[in-house]
Amino acid sequence: MAQLLITGGAGFIGSHTCLALLEAGHNLIVLENYSNSSNEALRRVAELAGVRLGDRITLLQGDIRNQEDLEMAFSQEKKTIDAVVHFAGLKAVGESVQQPLRYWDVNVGGTCSLLGAMKRHGCRTIVFSSSATVYGYPKKVPIQETAIVQPISPYGRTKAAVEKLLTDVSESEDGWCIACLRYFNPVGAHSSGRIGESPYGMPNNLFPFVCQVAVGQRKELKIFGGDWPTTDGTPVRDYIHVMDLAEGHCAALEVLMRERPQVLTINLGCGYGYSVLEVVKAFESVSSMDVPFKIVARRPGDVSCSIADSTLAANRLGWVTRRNLVDMCRDAFAWQKDNPFGYFSKND
Ligand SMILES: NC(=O)c1ccc[n+]([C@@H]2O[C@H](COP(=O)([O-])OP(=O)(O)OC[C@H]3O[C@@H](n4cnc5c(N)ncnc54)[C@H](O)[C@@H]3O)[C@@H](O)[C@H]2O)c1
């Protein structure tokens, strides 16, 4: 059992991982500024884990860029923080093109401040949310971790920059235990339907969009390109159930806390891909709802196919995904049906 600081723990991946970490016996301090989330997510996480807020999970409202907020987090109840799981960040590729300064400030500047606080407080273990976007246009699929890092958006460049920063920090001083987890496409929700993805406004990702079309909140799904070099012409992605991803974090943390100091860089994906049309069909079959769609022009910066080589995750973390596309669609739909506006109300 460890005392962990979770940044951005109320977000989509953070909330599901908080649940998995509580279930694994860890105690959590969550530092959140709620810029893209609600504390209702963590209230439900506590309820699912059967713990009281303020007991094994403490919520602190604050920003990773603010030294006072970080001091407050590291000085909570005089407990030493054993490790940090760092989700806080901005994640929309398109928005990052419009607002690069904001993305570099939060994603890179915020991580610098966090690492400074870790150093001051003697904490040298961190799991970082990286992304498959660091690979840019992959030359070979499935993508191995040794593939060239050549991101094509400001968002991807901030993730690649933090990976470099973490390597520099580990080389500057002994003792750092670091995992950069390169997520592929996290989707789905907890099987209870109590926690899930709750995007503000127009979703950026396929699954929340498909869910909102299925329940009639949006007219139709736009598929960007029907002429990609894939079996049905639509882009292929490696979708990973968010609870598999959450378990991947628990596995990475265990390895870091058990082994010698190191920097681990590992893909978290299923190792196989589905086209957008395959996802739509699976979703229709699981939900018994129609998902009307229209094929429109390709988006600049999209890639035809992105699939993880997940061999390293299996070998180094002893972790493999356990949930399939039907589970992803079923759990995403159950969450959407029960929470049509996520954690927010219709007018938020
Ligand atoms: N969802 C994906 O498809 C995906 C894929 C690859 C990597 N990632 C990365 O994983 C992490 C989590 O993603 P998510 O999908 O859960 O996103 P999310 O937006 O749901 O969660 C991020 C959380 O960080 C919080 N946050 C943002 N800026 C903060 C700050 N300055 N201080 C404190 N808290 C702050 C937000 O309020 C939010 O709750 C992000 O770093 C993201 O870049 C996500």
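Numbering of ligands and ligand atoms starts at 1, following listing order.
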**Q.** cation_pi(Arg237, Phe184) dist<6.0 Å, angle<=45
**A.** no
Q: Check whether any heavy atom of Ile64 sits under 4.0 Å from an atom of ligand 1.
A: yes
Q. In terms of ring plane angle, is the pair Phe333 and Phe283 parallel, tilted or perpendicular, where the classes change at 30° and 60°?
A. perpendicular
Q) Which residue from Tyr155, Tyr103, Tyr200, Phe12 reaches closest to atom 42 (C) of ligand 1 through any of its heavy atoms? A) Tyr155
Q | Within the 6.0 Å centroid threshold, strictly below: His249 and Phe87 | A | yes
Q) What are the atoms of ligand 1, with element, lying closer than 4.0 Å to any heavy atom of Gly62? A) 32 (N), 33 (C)
(Q) Just to be sure I'm reading this right: ignoring hydrogens, which of Leu70, Asp105, Ile13 gets closest to atom 16 (O) of ligand 1? Compare them by their nearest heavy atoms. (A) Ile13
Q.
Please check if the number of heavy atoms outside Asp174 that lie under 6.0 Å from its CG is greater than 12.
A. no
**Q.** Proximal atoms of ligand 1 relative to Pro186 (non-hydrogen, under 4.0 Å)
**A.** 2 (C), 3 (O), 5 (C)
Q) Heavy atom under 4.0 Å from ligand 1: found in Ser130's side chain, backbone, both, or neither? A) backbone
(Q) Could you tell me, atom by atom, which parts of ligand 1 come under 4.0 Å of a heavy atom of Tyr34? (A) 37 (O)
Q: Run the contact test for Glu197 against ligand 1 with a 4.0 Å cut-off on heavy atoms, strictly below, and give the result.
A: no
Q) Is the Tyr239 to Tyr274 ring centre distance short of 6.0 Å? A) no
Q. Touching ligand 1 at all, Ser35? Heavy atoms, strictly under 4.0 Å?
A. yes
Q.
For Lys159, is there an ion pair with Glu163 - N to carboxylate O distance below 4.0 angstrom?
A. no
Q: Identify, by atom number and element, the atoms of ligand 1 in contact range of Gly8, meaning under 4.0 Å from any of its heavy atoms.
A: 23 (C), 24 (O), 25 (C)
